[in-house]
Amino acid sequence: MAVAPQTALQQAVTDLMPLAAKIFDEVRSASRDIEGVTRPAWSVQDQAAGDILLQVAQQQGLTTHVDAVGNTYATLPGRDEGAPRVVSGSHLDSVSRGGNFDGLAGAVAAVIALAALRQAGLVPACSLSAMGTRCEESVWFGIAYVGARLAVGAMERPEFDALVRLDSGGSIAAHMADLGLEVEAIWRQRPIINAANTKAFLELHIEQGPLLIERKTPLGIATAIRGNLRYGDAVCRGAYQHSAATPRRLRQDTVLAVAELLRRLEDLWHGIEDGDDPSAVFTVGKLFTDPENHALTKVPGKCRFSLNFGSTKQDTLDRFDRALAAAADEIAQRRRVHFDLGAAVGSSPTPLEPTLREALNASAERLGIPAIPFATVGHDASVFARAGIPAAVLLVRNGQGSHNPHETMEMEDFEQGVQVLAATMFDLAEV
Ligand SMILES: [Zn+2]
């Protein structure tokens with residue numbers, strides 16, 4: 001593998017950091033809300049984010065274009081422009097009143113990485129593209145990864161045609177057309193991105209958990225993207241009974257039944273997490289009795305709850321599901337209640353490409369930048385990976401999580417991420 005002349009490239013990345021900070025500020029100003037930022041996909045706000053990035057890219061001597069979906073691209077042409085490209089990027093849109101860096105950090109990082117390579121006078125073997133994807137968060141349409149899915153041809157027309165804004169009912173096609181996009185071209189050109197024209201997709205993203213802060217490490221290299229298994233509206237039904245007059249053996253107490261079920265699932269989770277799957281997570285996001293009927297003096301006859309299991313291993317998700325069914329059956333019989341878990345929804349885990357993870361790790365080591373491996377949550381990268389395009393995710397230290405205005409990514413950490421990204425993109429072009 002060829003090694004980029006690091007000093008020139010490193011210096012160029014450092015020199016470009018004020019420009020990166022300016023992009024973040026400009027996009028923030030263009031999408032400011034009462035609190036944080038709001039950039040719905042195919043709104044004037046995420047359009048502005050894309051326009052700002054494309055303008056900077058042009059000023060930096062990169063070629064730019066926008067695909068039929070509205071995804072933006074800035075490209076540093078390679079020696080062989082017809083060869084499959086290396087693409088990096090992330091989403092331009094945000095959640096409602098979210099943080100400025102979730103998504104945008106990856107879109108900016110890719111443009112800055114290419115600008116730095118160009119400033120350093122490096123011509124890669126294949127073309128390198130910085131992509132800004134539309135509609136990963138999808139506050140308007142409620143379905144994630146729309147821009148990336150359309151780009152790789154992983155969304156069929158009936159699903160697309162049925163997508164309407166949750167609040168206004170306006171169609172997705174109408175919103176795209178309002179921004180001057182030729183929607184029909186999506187279907188003529190599909191897939192816009194595939195394994196034949198793209199050899200790798202790298203996504204830089206802020207970490208949405210607290211691990212890098214805890215480990216005092218600037219970067220993470222994702223091992224895989226967790227899948228999940230979710231029961232969003234489970235209910236336990238028993239009987240409302242007098243709290244003082246009903247002996248234990250005759251009670252049909254749903255709260256204690258659910259509590260026992262959750263206790264068992266938590267014990268199982270601890271065992272799995274301490275054992276062979278540290279990526280396992282388990283969350284009970286909702287748990288409540290019926291306010292119309294519950295009372296201090298009643299045995300609770302109904303309890304609603306949600307279950308959300310996550311893991312990078314399908315085997316772990318299956319294990320949780322089997323244990324849940326067995327425990328629910330046993331507890332229901334013994335406690336004289338009935339569990340109705342409702343329909344399960346979920347997504348399968350997405351492995352990330354080992355050779356790309358190794359390439360990111362090699363760059364970080366060579367640059368002396370600490371980076372640790374761990375599992376991550378869903379990102380656009382999963383869509384590319386499922387489409388057969390080797391994909392990897394580089395995580396940047398960030399406090400306070402994301403999807404809120406209080407993200408704390410430091411520009412020093414962002415710079416380290418761009419250093420690793422730029423070096424890796426160049427190296428991947430050579431192999
Ligand atoms: Zn994101």
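Atom set for the values below is all heavy atoms of this structure, side chains included, hydrogens, waters and symmetry mates excluded. Whatever order the structure lists ligands and atoms in, that order sets their numbers, starting from 1.
With sequence neighbours left out, E81 forms a salt bridge (Lys or Arg N to Asp or Glu O under 4.0 Å) with no residue at all. Annotation: ring-ring contact (aromatic ring centres under 6.0 Å, His included) contacts of F201 (sequence neighbours excluded): F384. Among residues two or more places apart in sequence or in another chain, the side chain to side chain donor-acceptor pair (under 3.5 Å) test is passed with E35 by none.
Ring planes of H175 and W140: tilted class, angle from 30 to 60°. Relative orientation of the F339 and F305 rings is perpendicular, given thresholds of 30° and 60° on the angle between their planes.
Protein N/O/S atoms found under 2.8 Å from the Zn ion (ligand 1): H91 NE2, D102 OD1, H205 NE2.
In this structure, a donor-acceptor pair under 3.5 Å is present between the side chains of H379 and T376.
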